Structure formats: structure tokens, C-alpha cells
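Since the model is a prediction, treat every value here as computed from it, not as a measurement.
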Amino acid sequence: MPRVNRTFVFVLLLASSCAFLLFQLYYYRNYVSKEPGLHLLDPAGHVMSSQVQWQNLKKFLALAQFFRLPLFLADSAALALLSQDALRQRDRAMHEPHCSFLCAGRPITSFALPASQWQLSPGFLLAAEQKGFQLLEVRGRDPRLASLDTLSGEEIPLHFLFRLHGYIIHVVLLYERSGGYLWHGALRLKATADPTFAPFRLLDYGRHAGAYDRPELLLTVVDGLDVRVPRNISRFLVQRQEARFLECRYHDARSFLQLYPDDSSAAAVEFRRKAKVLLRLAAQTLGRLDIPFWISSGTCLGWYRQCGVISYSRDVDIGIFISDFRPQITTAFRDAGMSLKHQFGKVEDSLELSFLGEDVKLDIFFFYRDGDVVWNGGTQAKSGRKFKYVFPSFSLCWAELLEVKVRVPCETLDYVMANYGGTWSVPVKSWDWKSSPSNVIENGVWPVAEWAGLIQVY
Amino acid sequence: METWTPNPRAKPFIPRQQRSWYLTWKYRLTQRRSLRRFCQAGAVLFLFVTVVVNIKLILDTRRVADEDAADQEYDVVPNMETPRRPASGRKVLDIEVYSSRSKVYVAVDGTTVLEDDVREQGRGVHVIVLNQATGHVMAKRIFDTYSPHEDEAMILFLNMVTRGRILIFTVKDEGTFHLKDAAKNLLKSLGSQAALGLSWRDMWTLVVKKGGQVYGEKHSKSPALSTWGDPVLLKTEVQLTAAEEAECHWADTELNRRRKLFCSKVEGYGSICSCKDPAPIEFNPDPLPSNNVFNVPVAVIAGNRPNYLYRMLRSLLSAHGVNPQVITVFIDGYYEEPMDVVELFGLKGVQHTPISIKNARVSQHYKASLTATFNLHPDAEFAVVLEEDLDISVDFFSFLSQTIHLLDQDDSLYCISAWNDQGYEHTAEDPALLYRVESMPGLGWVLKKSIYKDELEPKWPTPEKLWDWDMWMRMPEQRKGRECIIPDVSRSYHFGIIGLNMNGYFHEVYFKKHKFNTIPNVQLRNVESLRKDAYEAEIQKLLREAELLDHSRNPCEDSFVPDTEGKTYIMFIKMESELDTSTWTELAKCLHVWDLDVRGYHRGLWRLFRKRNHILVIAVPISPYSVKKPAALVPIHLEPPPKEEGAPVEQL
């Protein structure tokens with residue numbers, strides 16, 4: 001009796017679970033097609049899913065083409081594959097449309113779009129939504145107005161995320177900035193936004209704001225789709241690695257300038273003009289040599305404290321890692337119309353170059369890594385005394401100073417504090433480079449015999 | 001159990017290599033008990049999987065449902081500001097209106113929406129328009145009906161207000177001296193009973209729905225000419241209507257969505273909000289065949305004159321070749337209504353925290369706007385600068401497109417301006433003609449980025465200097481001898497009569513009769529001759545062919561210029577130095593052109609039209625063209641009449 005009962009119960013249960021399962025399958029099919037965000041079932045396997053992703057991309061790119069949006073591929077994984085397999089790809093693309101590059105095994109594909117091409121008309125977004133894409137638009141403050149602090153415009157679109165069938169297409173908008181570079185904002189969700197819309201950690205862009213040179217584009221066929229890609233992919237990828245951009249602290253700078261108004265005398269105005277010319281020249285010259293540099297000492301302080309140059313500082317200071325030193329620097333600056341004023345030290349120790357252009361001195365300090373600190377040297381010409389300025393280790397970020405794109409230490413405050421101490425926010429007009437910096441260390445004296453080679457003043 | 005019987009027979013699918021396993025399984029399965037065991041285990045497993053999948057499904061569905069709910073909540077948020085009231089639970093507004101000699105106020109639901117107790121200010125009829133569905137203030141106006149013509153403005157305004165809106169009237173000080181019968185009749189037709197009897201220094205308040213019921217009216221007569229009526233305080237209640245009744249049913253387009261938003265917030269923009277046949281907010285003017293200024297950013301400098309801004313933007317967006325994408329409106333202050341106007345037209349608006357006062361405030365606003373314009377458009381070499389009280393000619397961009405290369409190539413140029421200071425109805429003639437002038441006219445002009453960034457921005461007057469930005473720009477230190485290109489017939493029209501340096505009289509005298517081009521696609525003549533050296537050659541040519549006017553006649557008399565057409569005449573006036581302006585000023589007065597300072601000349605030469613003849617006026621001896629003067633000729637000398645003080649000396 002109990003046995004019969006048991007069988008019966010089992011049959012009943014089985015039947016009902018089958019019915020249930022069938023219902024679920026039906027429900028899922030319905031559901032998945034409507035709500036692509038749910039990764040509930042992944043029965044299709046990779047091949048199928050990359051097909052889905054490819055279909056998404058095809059749909060999306062067709063739409064972008066229809067609206068004449070000059071998107072270009074900015075996806076680091078896809079571009080990395082492309083730069084490796086540039087040749088093989090051409091053969092493969094001929095065969096069938098198969099998503100071997102664009103999908104790259106990630107649920108996200110990133111594109112970039114020059115914001116000037118972004119039409120205000122919401123036609124594109126509406127059309128994308130009609131095609132089934134779900135949209136997340138991330139807006140933020142317009143940094144081009146932030147420098148004025150007293151202006152407030154509407155927030156500008158920074159990122160678009162299009163989601164379909166669980167795959168994300170990320171469009172990052174690149175804004176033209178006064179320094180002649182492209183800028184994209186950080187992706188920060190509003191409280192009302194859906195934090196599960198996309199795997200935000202996997203996004204290529206948006207962790208920080210970024211700065212890029214305007215890439216030259218190339219229209220090509222990738223995985224059977226017409227896609228624009230940067231002509232120099234590896235260069236673009238390198239740029240992406242070190243693209244982090246720091247906006248100047250305009251608000252704090254304004255407070256500082258209220259406390260200590262800028263000198264508006266003709267001489268100060270003239271110095272600012274010259275410093276700007278000099279900085280631009282330095283950026284161009286070193287850019288051509290592909291030598292990364294950052295603004296250092298007083299110039300860095302000026303950027304950090306007042307988003308400008310300190311008019312009484314009388315020179316422009318930049319830093320270069322000694323590993324990037326190249327002997328061509330001197331000739332390159334000469335060719336740019338600047339004269340070498342002095343050269344102290346040697347490549348192995350405390351190298352320092354000074355050029356003169358526009359009546360303003362450009363000091364180039366070479367930085368040496370030593371464990372977890374970096375230091376640069378100083379030399380007093382008349383006595384041969386050596387000094388050492390020690391900084392905590394730092395990485396480099398982009399920033400804008402006097403409408404020139406320059407690098408600054410990302411950990412700017414630590415850098416400035418190391419150099420100027422806790423009272424960096426108070427202007428000091430009488431500054432002695434040998435004793436005033438809080439990180440200066442006496443470093444002996446150059447041997448007199450070597451002075452001729454190590455202390456050259458022109 | 002029958003359904004499972006095929007299972008044990010599915011032998012061929014099992015790979016041969018696993019024969020031993022296969023055999024053991026076969027052995028086990030043939031045993032009925034083990035088969036049952038197996039089925040049971042399978043069923044339990046199956047159940048378990050089902051349960052897990054089910055739970056996951058439930059969780060996921062709930063999450064999605066939560067998100068949907070969150071979305072809905074999000075949707076609700078913006079509506080909080082304009083609560084959509086259910087038709088059944090209509091709300092009642094308590095309204096208080098006070099009218100007296102020295103103070104008026106209006107409170108809606110305890111919130112003061114109007115309070116004016118400043119002396120010597122706010123005289124006349126105050127009108128407030130409320131949205132009948134939300135109770136929001138949509139417009140506030142004062143009509144100083146003690147003064148002439150203000151009642152006409154009031155009639156115009158009241159006629160523009162949409163039917164169904166709630167109108168609140170209150171009088172401060174005096175509002176009837178020039179309140180004519182037409183206006184009183186209109187008030188009566190709105191439902192006022194006291195309107196016809198309103199007279200000198202009466203106090204009066206009225207709350208009424210346009211085209212509907214009267215919610216309350218109070219009136220106190222003035223007992224005598226020298227005294228005012230007793231203050232009146234009207235308290236009444238207004239029933240709000242359903243939102244749907246307050247809205248029009250326009251087709252659901254992007255444009256109409258903007259229109260709807262605008263019309264639910266403000267009143268007094270006429271047919272823009274008309275339900276049946278609304279005025280367009282998109283104009284689609286013809287593009288220019290080859291437009292050199294399509295990407296030149298346009299900065300519209302605005303304050304809090306939303307009706308002006310509306311008129312200005314309409315003309316701007318109707319000009320041929322306009323590119324709305326590059327227009328930015330800079331509003332000095334966080335005013336709502338100008339921003340509403342900007343958004344109505346789908347343009348970009350930027351608000352500016354006011355810095356300093358008076359002229360310095362305007363100057364700081366200009367600086368911030370110009371800097372921001374070049375920040376927003378880093379590629380731009382130029383910017384077009386406009387003000388909110390200008391009409392823009394239909395060929396404004398065509399004019400700029402034909403001339404902008406000069407500003408790029410000729411370093412002796414300071415700007416291109418659409419405005420001719422001396423171009424009045426009777427002194428400007430030729431829309432294809434251009435001049436070079438040494439002054440900076442402004443009022444619709446093009447600024448070169450390099451001039452701004454390298455010269456002007458670094459030394460722009462600081463907030464504590466109460467300077468006019470344009471006067472500062474005209475100073476020799478800034479202008480450095482450079483000139484501006486202007487058209488004979490202006491491409492902008494200055495219609496503003498309220499403003500920092502502006503009043504009705506001033507406008508009537510100096511701006512009303514200004515000539516304004518309305519012809520599209522004017523092909524400018526001889527643009528290349530505007531370059532520095534070519535222009536001198538052009539002038540020399542003109543001087544050669546010019547006929548000398550009869551200097552013995554009075555230049556202020558009409559007969560001074562012969563009744564010819566299309567001729568060029570020349571006259572010489574006395575001007576010993578830059579400061580010796582009396583003759584020109586007197587001449588300008590009788591010619592009815594700009595006479596408040598000396599403007600619109602090129603090396604001591606003015607060019608203008610009289611009776612369709614081109615007249616060259618040369619200042620002797622400061623102009624280098626004085627050499628053309630016959631030796632015996634005595635230049636005209638005029639002295640100001642000795643009596644009375646002159647016109648109020650104000651600057652634009």
C-alpha cells in the first residue's frame with residue numbers, strides 16, 4: 001500500500017515538475033527576449049552568444065551609420081586583437097561574418113564618438129530604443145564651463161550604454177578641449193540610475209576622466225562590419241593606458257584668488273603670456289621626441305593652487321624621468337628657437353638643463369628613481385654644492401594649464417606637499433631654492449676637477 | 001512509470017570503451033528494484049533542480065519588479081513640483097490681494113508672490129497670471145497706466161493670456177490717469193464691475209478667471225483729488241481645475257513637448273501657446289549655398305528680459321544659414337523665464353552668477369560669456385556676439401559669410417559689426433555697401449579669438465572697475481588703431497527700450513528710425529576693396545569723382561544737398577583736433593544721426609546718404625583727405641546754440 005502510494009506520488013510530482021519546467025522554459029523564452037539583461041540561462045554557449053553580440057553590433061552600427069554618427073572602435077580588447085592579427089583578419093573577414101574581434105569574449109564593446117558630431121536631436125536614441133536597445137545615459141558637469149566657476153550650464157552627456165540581450169555597447173563621448181585634445185568624463189552614476197545595468201567594472205572608459213590626442217581614423221571591415229578604427233592602434237592603446245585626466249580644482253583656486261588676488265600689472269600679464277608660449281613650445285618639442293614630461297615645482301604649484309602660473313615665479317619648471325633622457329633634447333630645443341642657458345650634472349647624477357626662450361627660463365629637472373622615492377638634483381654654479389630634492393613615488397596624469405595639455409603627478413597634493421610643506425597654500429615671494437623647499441637635502445659637492453664638464457653656464 | 005521505460009533500452013548511445021560500466025549498469029537496471037531506485041533518485045534530482053530554478057526565477061522576477069517600481073518612483077519625482085491633482089480631489093487656492101497707495105502684495109496659499117512697497121516705484125496696475133491647474137505664477141507685469149500708452153500694452157498683454165488662466169489685478173499709488181475706455185471695457189468684459197468707475201487714486205483689486213467666473217473684486221474710491229482711496233484687502237478662494245483642462249492637445253512631437261512645458265510655466269508669449277494654431281518654434285530657414293560661418297559659435301548675451309530674448313531668438317533662428325547647434329545663450333543671473341525661452345527653442349543656455357554691479361556686472365558677464373564660448377568651441381577662430389535686444393536681419397549670416405575672411409587675413413581689422421551707428425532710415429541706402437570705421441559699434445559683431453585670448457581677456461576690466469565693456473574696448477589701448485567693417489544698412493536692429501543705459505525717450509530718438517535690412521541674400525559689393533590699402537584706393541576714387549557741395553548754404557537745410565540721385569558729394573567741416581567736435585555734433589544733430597559722441601568715421605571721413613546721394617564729410621584739418629579741399633574753401637563751422645542744457649548725455 002505505501003509502495004503504491006509512493007509511486008503514485010512520484011508520478012504526480014514528476015508530471016507537475018515537467019509541466020512546471022515547460023512553463024518555465026516558455027516563460028524564459030518570452031522573458032529573455034524582452035529583458036535581455038538577465039543572465040539566467042546561458043544555454044546557447046559561446047558561439048551562439050557571440051552571434052547574438054554580433055547581431056547587436058550590426059544593428060547598432062547600421063543605426064549609427066543611418067544617423068551619420070562617426071563612431072570609432074575604442075574597445076581595448078578588440079583593438080588589441082586587431083593590432084596583433086591585422087593581416088589574418090583580412091582573410092577571415094572575407095569568409096563569414098564571425099565575431100572574433102569585436103566580441104572578444106567580453107559582454108561589452110566600446111566605441112568613441114566626437115561630441116561635436118553628437119546632434120542634439122534625440123532621434124538616434126529614440127531609434128535605438130525602438131530597435132530594442134535599453135539605454136543608460138550618464139551626464140555630468142561641463143568641464144569647459146567649470147573653469148569659470150560662476151557659470152552653470154546644463155549637464156552634458158558623457159557616456160551612453162546600450163544594452164540588448166545582455167550585451168552592452170558603450171559609447172563614450174569625446175569633447176574637444178581648449179588645449180587641442182579630446183576629453184571624456186568619468187562615469188559616475190546618479191542615485192536614481194540602475195547600478196546593475198551593466199558590469200561597470202568591466203568598462204574600458206569611465207573609471208577616470210581621460211585625455212586623448214585626436215586620432216586619425218580609418219574605415220575598415222572588422223568581422224564583416226564597417227567600423228572606423230584609429231589608424232595607429234597601438235599608439236591609441238598606449239594612450240589609453242595613461243589617459244587619466246585631472247581637472248584643475250577651479251573652485252579652490254577661486255577661493256585662493258579671492259584671498260590672494262592675481263597680479264594684474266602689465267608685467268604680470270606679460271609674464272603669463274610668455275609662460276604660455278614657452279610651455280606650449282616645450283610641450284610641442286618634447287612631444288615630437290615622445291618624451292613624457294610633467295610640470296614641476298612652482299609651475300605645478302601654480303596649477304594645483306590657482307589653475308594658472310604664479311606670476312612672480314619668473315620661470316617654468318618641468319620634470320622628466322632620467323630613463324626618458326635623450327641627447328637630442330638640447331638640439332631639439334635649440335631648433336625650436338631656445339638657447340641652452342646652463343647644464344648641471346650628468347646623466348648618472350643630478351642632471352638639470354635650463355633653456356631661455358621669450359626671456360623666460362625653462363628649467364628641466366631630471367628625476368631619478370630610488371626605491372620607492374624619486375629625486376632630482378640641484379647644483380649651485382659658483383660653489384659646486386649639490387642638493388637633492390626627494391619626492392614620494394608618483395604616477396602621471398594629464399591636466400590642462402594655460403590651454404596646454406601637460407602631465408602632472410596624479411598624486412599632486414603629495415608632490416606639492418613634499419616640495420612646499422604644509423603651508424603650500426600660502427604664497428611665499430622670497431624663495432630660496434637651496435633652503436626653502438621642505439624636501440631639500442644637502443648632497444655634497446662636485447669634485448672640482450669635474451666642474452668644467454658638470455657645471456656649464458652659457 | 002511507462003514514460004521512463006524507453007530509457008533502459010537506449011543502449012547504442014553508450015560508448016563502447018566503457019563496456020564494464022555499461023555492463024554493471026545493465027545488470028543493475030534489469031533489476032526492477034534498482035530501476036525504481038534510479039527513477040526515484042532521478043525524480044528527486046529533477047524536483048530539486050526545479051525548485052532551484054524556481055527560486056531563482058522568483059528572485060529575479062522580484063528584482064525586475066523592484067526595478068520597475070524604482071523606475072516608476074523616478075518618474076514621479078519631477079512631477080512633485082507640479083503636482084498632478086486628481087480630478088476628484090481638486091484643490092482650493094487661498095488668495096490675498098492688497099492694494100494701497102504705498103504697498104501692494106499678493107499671496108497665494110500663504111506664499112507671497114508679489115510684494116512691492118518701495119517708494120517711487122511700481123506705480124500702476126500690477127497683473128499676475130496663475131496657472132489654473134497648478135496655481136503657479138506664469139507672468140507678472142506692471143503697467144504704469146498713470147503714463148500714456150501703458151494701457152495699450154496692458155490690453156495687448158491681457159489679450160495674449162490664454163483663456164482659463166487666473167488673473168489677479170491690484171493698483172499701487174495711481175493707475176487710472178491714462179487708463180482709457182478701451183482698457184476699462186476690456187476689464188469689464190473680463191468680469192469687473194468696478195472697472196468703468198475706476199478713477200483718480202482709487203484702490204482696486206480683482207481676481208478673475210479669463211473667460212470665466214469672478215472670484216472677487218474690491219474697490220475703494222478716493223474721496224478727494226489730493227488723497228488716495230483707503231487700502232483694500234481682498235481674500236478669496238480659487239478652485240483649481242484638472243491639469244488636462246489647462247492644456248492644449250497638440251500632436252505629441254519633440255517640439256510640442258517643449259512647447260507644452262513652456263506653456264505650462266509662463267504666459268504672455270501670444271500665439272506660441274495657442275491651442276488651435278500655435279506659432280512655430282522651429283523655422284527651418286534656407287541654408288546658405290556656401291556658408292563660411294556655419295561653425296562659428298554664436299553667443300547671445302542676455303539678462304532678465306525674457307520677452308526680448310524671445311523676440312531676438314525668433315529672428316536669429318529665422319536668419320538664413322543659422323546653425324542652432326552653435327548658439328549658446330548666456331543669462332546673467334539664475335532667472336527662470338529666460339531659461340524657459342531658451343529651452344523652448346531647444347537651444348543651449350548657460351547661467352552666470354552675477355558679479356559686481358551695474359556696468360561692471362555687464363562687463364563681467366561679457367567676459368565670462370566670451371571665455372566660455374571659446375572654451376565650448378576650442379576649434380573656433382571667431383565668435384559672433386549678440387545681445388538679447390536685437391533683431392537679426394535675414395541675411396545676417398550671409399553678410400558675415402561674405403566678409404569673415406577679411407577679419408582673418410587683414411590684421412588692421414578689429415571686428416566685423418552688423419551695426420552702422422549712422423545708418424538711419426534717411427542716411428543709409430545701399431545694402432550691398434560696406435565701410436571701414438575706426439569705432440567699435442558692437443550690437444551684433446564678430447570677435448576674433450586671437451584678439452580676445454591674446455589681448456582682451458588677460459587685461460579685461462576687473463569687477464571693481466565700473467566701466468562699460470564696449471567703451472573699454474573702444475579705448476586706443478585696446479583698439480590699437482584697428483578698424484571694424486560695417487554695412488551701410490545695418491543687419492541688426494536695436495529694439496530694447498528698457499535696459500541699463502536705455503529708456504523710451506532715448507530709444508525713440510536714437511534707435512527707432514535705424515535702418516534695418518530685410519532683403520535676403522544680398523550680394524555685397526566689392527568686398528576685397530575693404531582691405532586696408534584697397535580701401536584707401538577706393539576712397540581716393542570716391543574723392544576724385546565727388547562734387548563739391550555749396551559751402552555757402554546752411555548744411556542743416558534740406559536744399560544743401562541738390563535733388564539728384566546716385567551722385568557723390570563732398571563737404572568739409574571744421575575739426576581742429578580730436579576734441580574739437582562741435583561742428584560734427586551740430587551737423588549730426590540736424591541730420592538726425594548719432595550725436596552723443598563722435599562715431600562711425602574713417603580717418604576723419606564720414607560716409608552717409610542724403611536724398612539717395614552719397615555724401616562724404618571730411619574733417620579739416622585732422623583728416624588726411626583734407627588735401628582735397630580747395631585752398632580757398634572755408635570749412636563749415638557750426639557752434640552749439642548757447643542756451644539750455646542739451647539732451648541727456650547717455651551712452652549706449
field: Glu336(B), CD: over 12 other non-hydrogen atoms inside 6.0 angstrom
entry: no

field: Among the listed options Lys276(A), Glu403(A), Glu176(A), the residue most often paired with chain B at heavy-atom distances under 4.5 Å
entry: Glu176(A)

What's the spacing between [X] [atom1] and [Y] [atom2] if we round to 0.5 Å?
{"X": "Lys453(B)", "Y": "Arg273(A)", "atom1": "NZ", "atom2": "CZ", "answer": "15.0 Å"}
{"X": "Asp142(A)", "Y": "Lys348(B)", "atom1": "CG", "atom2": "NZ", "answer": "7.5 Å"}
{"X": "His377(B)", "Y": "Ser178(A)", "atom1": "NE2", "atom2": "OG", "answer": "11.0 Å"}
{"X": "Glu154(A)", "Y": "Met339(B)", "atom1": "CD", "atom2": "CE", "answer": "5.5 Å"}

message: Need one label for Asp262(A): side chain, backbone, both or neither, based on atoms under 4.5 Å from any heavy atom in chain B.
response: neither

message: Using the rule side-chain contact (heavy atoms from CB on, under 4.5 Å), only one of Thr371(B), Leu376(B), Thr373(B) pairs with Arg144(A); which is it?
response: Leu376(B)

message: What part of Ile355(B) gets within 4.5 angstrom of chain A, counting heavy atoms only: side chain, backbone, both, or neither?
response: side chain

message: Salt bridge or not between Asp379(B) and Arg177(A)? Use side-chain N to carboxylate O under 4.0 Å.
response: no

- line: Scored by heavy-atom pairs under 4.5 Å with chain A, the best of Asn295(B), Thr462(B), Asn375(B), Thr328(B) is Asn375(B)

